[in-house]
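Structure first, then comments.
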Amino acid sequence: MNPERSAGRADQTFPRERRLTCATQYRHVFSDPVRAGQQGFVVLFRPNGSGRARLGLAISKKCARRAVDRNRLKRLVRESFRNHHHALPGVDVVVMCARGAPTLPNRRLFDHLERAWATIRKKQPCAES
């Protein structure tokens, strides 16, 4: 791979330290979540004690029957998170699918996620105190 091309993508990766990787991390969020949901997605978050935001996805078959729809939703959430993680406080975020999400256009889903990230930034200082 050309190093000049990959240099611009450094911030566009989704490294392991930015992901929820085990069941205990998901349980931590589900045990006492703060909700920042918008139409299309239910966004749950909880402070994690580190300075980094981490993302977990829970896109179920119940919401999006077809694998192609689930994969599209996951790609959209990851892309939006990559674009906004630098502005988020140290929280663990779990994004779940809401009814009707597979039928919404990509732009509308991105807008809902942007509002959820703004809610997390606004609510987080209150969650720590």
Side-chain angles (χ1 to χ4, degrees):
M1 179 179 254
N2 186 352
E4 294 162 4
R5 290 182 69 194
S6 64
R9 294 184 192 167
D11 196 39
Q12 294 301 311
T13 62
F14 192 46
R16 214 171 155 74
E17 60 267 6
R18 291 277 178 205
R19 292 183 251 161
L20 297 182
T21 56
C22 63
T24 56
Q25 293 169 340
Y26 280 88
R27 274 195 296 267
H28 173 73
V29 176
F30 288 130
S31 67
D32 187 24
V34 179
R35 187 180 172 118
Q38 295 289 331
Q39 180 187 3
F41 294 107
V42 176
V43 180
L44 306 174
F45 70 95
R46 188 166 177 200
N48 63 14
S50 74
R52 293 185 163 186
R54 297 187 299 182
L55 175 68
L57 297 168
I59 309 296
S60 70
K61 279 187 181 180
K62 186 175 183 180
C63 171
R65 296 299 298 165
R66 299 182 321 156
V68 68
D69 293 332
R70 290 191 303 276
N71 290 336
R72 175 181 151 249
L73 293 171
K74 289 189 272 189
R75 278 193 309 272
L76 287 169
V77 173
R78 283 192 296 261
E79 179 67 20
S80 181
F81 182 77
R82 277 192 291 263
N83 292 333
H84 293 90
H85 73 83
H86 61 279
L88 294 175
V91 292
D92 288 340
V93 180
V94 175
V95 178
M96 298 185 302
C97 181
R99 288 208 185 278
T103 61
L104 295 174
N106 291 355
R107 184 70 251 162
R108 185 179 246 169
L109 292 170
F110 271 120
D111 290 343
H112 293 312
L113 286 168
E114 285 180 24
R115 280 189 232 127
W117 305 139
T119 301
I120 291 172
R121 284 192 301 270
K122 199 175 358 173
K123 285 185 176 181
Q124 179 50 31
C126 298
E128 285 184 337
S129 40

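Only heavy atoms go into these numbers, but all of them, side chains included; no hydrogens, no water, no symmetry mates. Note that the coordinates shown come from a computational prediction; the quantities given were computed from them, not determined experimentally.
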Could you tell me which residues satisfy side chain to side chain donor-acceptor pair (under 3.5 Å) with [X], sequence neighbours excluded, listed by chain and number?
X    : value
R99  : none
N106 : R72
H112 : R115
R70  : none

Problem - With R52 via salt bridge (charged side-chain N to carboxylate O under 4.0 Å, His left out) - residues at least two apart - result: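 Counting only residues at least two positions away or on another chain, R52 forms a salt bridge (charged side-chain N to carboxylate O under 4.0 Å, His left out) with E17.
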Practice task
Drop me the distance from I59's CD1 to N71's CG, to the nearest 0.5 angstrom.
Solution key: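 It comes to 10.0 Å.
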Quick check: closest heavy atoms across [X] and [Y], and the distance to 0.1 Å?
X   : Y    : result
L57 : Y26  : N-OH, 3.2 Å
G40 : L104 : CA-CD1, 4.0 Å
D32 : R46  : O-CD, 3.5 Å
L76 : L113 : O-CD1, 4.1 Å

Exercise for the section: Only pairs at least two apart or in different chains count here, so list each side-chain hydrogen bond (donor to acceptor under 3.5 Å, both in side chains) that has a residue in residues 53-64. Expected result: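 side-chain hydrogen bond (donor to acceptor under 3.5 Å, both in side chains) check on residues 53-64 returns R54-D92.
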Path from [X] to [Y] over hydrophobic side-chain contacts below 4.5 Å:
X   : Y    : value
F41 : I120 : yes
V93 : V42  : no
F30 : V34  : no

Practice task
Sort and list the pairs that fulfil disulfide bond (SG atoms under 2.5 Å apart) and have at least one residue in residues 40-93, not counting sequence neighbours.
Solution key: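 Found C63-C97.
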Practice task
Check whether any side-chain N or O of S31 sits under 3.5 Å from a backbone N or O of H28 as a donor-acceptor pair, and report yes or no.
Solution key: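 Side chain of S31 to backbone of H28: a pair is present.
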Practice task
Determine which pairs satisfy salt bridge (charged side-chain N to carboxylate O under 4.0 Å, His left out) with at least one residue from residues 104-113, sequence neighbours left out, and list them in order.
Solution key: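 Residue pairs with at least one partner in residues 104-113: R107-D111, R107-E114.
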Who passes side-chain contact (heavy atoms from CB on, under 4.5 Å) against [X], sequence neighbours left out?
X    : value
F81  : F14, R18, A53, L55, H85, L88, W117
T24  : C22, R27
A118 : R121

